[in-house]
Number of protein chains: 2
Amino acid sequence: MNEGIFKAMSDSTRRKIIELLKEGPKTAGEISSHFSYTQPTISRHLNVLKNANLVIDQREGNFIIYRLNTTILQEWLGWIFEHFGGGDNDEKE
Amino acid sequence: MNEGIFKAMSDSTRRKIIELLKEGPKTAGEISSHFSYTQPTISRHLNVLKNANLVIDQREGNFIIYRLNTTILQEWLGWIFEHFGGGDNDEKE
DNA sequence: TGATTATATAGCTTAATAGCTAAATAGTCA
DNA sequence: TGACTATTTAGCTATTAAGCTATATAATCA
């Protein structure tokens, strides 16, 4: 279940999309305009983020608005910290 | 530069290795014994983690001891929080 | 030196992923 | 309905990644 999020986050274009969406909701076109990739390529990235449940889309006329699923993102960050953070690693050979 | 860490972390076997190493340093064989994959497969995973600078290896006789590079891991966690954490996402359409 | 042990590397196969162009879908508006 | 706009989906290619078996390397010990 976390798998999808880690995979989604492992691509730098998708991480940039997440950062863009932190500013607020944006249409697919707006997002696309920030990159030099073609629009279909960005659309596919958005789809990966959607499948990972990291973004939510909503049609508004003939635009599609994407927004961050902050809940999932926060949960993921929490999970990461639980598993990889904190624990000290003292020379215990 | 973060790219390698995200890629390394995107695989669940490698994440489990990291968790194992949080307990303390382990030989390649010990690590390998926790999985049902073959030894060469785990060796390659260890190599990915090494290239991402997430682990450090050290020969000791004919064992090779792996230990977590806690500094890098902490740095990565810090980076993640800086970029994805905290920021609220108020309905600003 | 030769046998044994621990580990890595090579070489292969299969599957997944990122990018593209072209075509389909869905909505708007005259 | 027909033209137009925004976006997704299909279908392709090239690259990367994960797994395997077989082999190589490096250290130890008799």
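Each chain gets a letter, A, B and so on, in the order the sequences are listed, and its residues count up from 1. No hydrogens, no waters, no symmetry mates; every other heavy atom, side chains included, goes into these values.
I72(B) and F6(A) end up in the same hydrophobic cluster when Ile, Leu, Val, Met, Phe, Trp and Tyr side chains are linked at under 4.5 Å.
Per the geometry, CG belonging to N47(B) stands 15 Å off P belonging to dT7(C), to the nearest Å. In this structure, K50(A) places its NZ atom 7 Å from P of dT8(D), rounding to the nearest Å. The interatomic distance linking I42(B) (CD1) with dA18(D) (P) rounds to 11 Å, in whole Å. Spacing between atom CZ of R14(A) and atom C1' of dA16(C) amounts to 12 Å, rounded to whole angstrom units. At whole-Å resolution of the value, CZ in R44(A) and P in dA23(C) are 19 Å apart.
Out of dT5(C), dT9(C), dA22(C), the shortest distance to the side chain of N62(B) is found at dT5(C). Residue I64(B) has its side chain nearest to dA8(C) when only dA8(C), dT7(D), dT21(C) are considered. Of the candidate nucleotides dA27(D), dG19(D), dA8(C), dA8(C) has the atom nearest to the side chain of Q39(B). Residue Y37(A) places its side chain closer to dG19(C) than to any other of dA18(D), dG19(C), dT7(D). The side chain of K7(B) sits closest to dA17(D) out of dA17(D), dT7(C), dT7(D).
With contacts defined as side-chain heavy-atom distances shorter than 4.5 Å, the pair L73(B)/M9(B) qualifies. Proximity of H45(B) to K16(B): side-chain heavy atoms (C-beta onward) are nowhere separated by under 4.5 Å.
Among the heavy atoms of the strands lying under 4.0 Å from T27(B) are primed sugar atoms or P, OP1, OP2 only; no base atom is included. In this structure, Y66(B) reaches the sugar-phosphate backbone alone: every heavy-atom distance under 4.0 Å involves primed, P, OP1 or OP2 atoms, never a base.
Remark: of the listed residues K26(B), R67(B), K50(B), K50(B) is the sole one forming a salt bridge (Lys or Arg N to Asp or Glu O under 4.0 Å) with D57(B).
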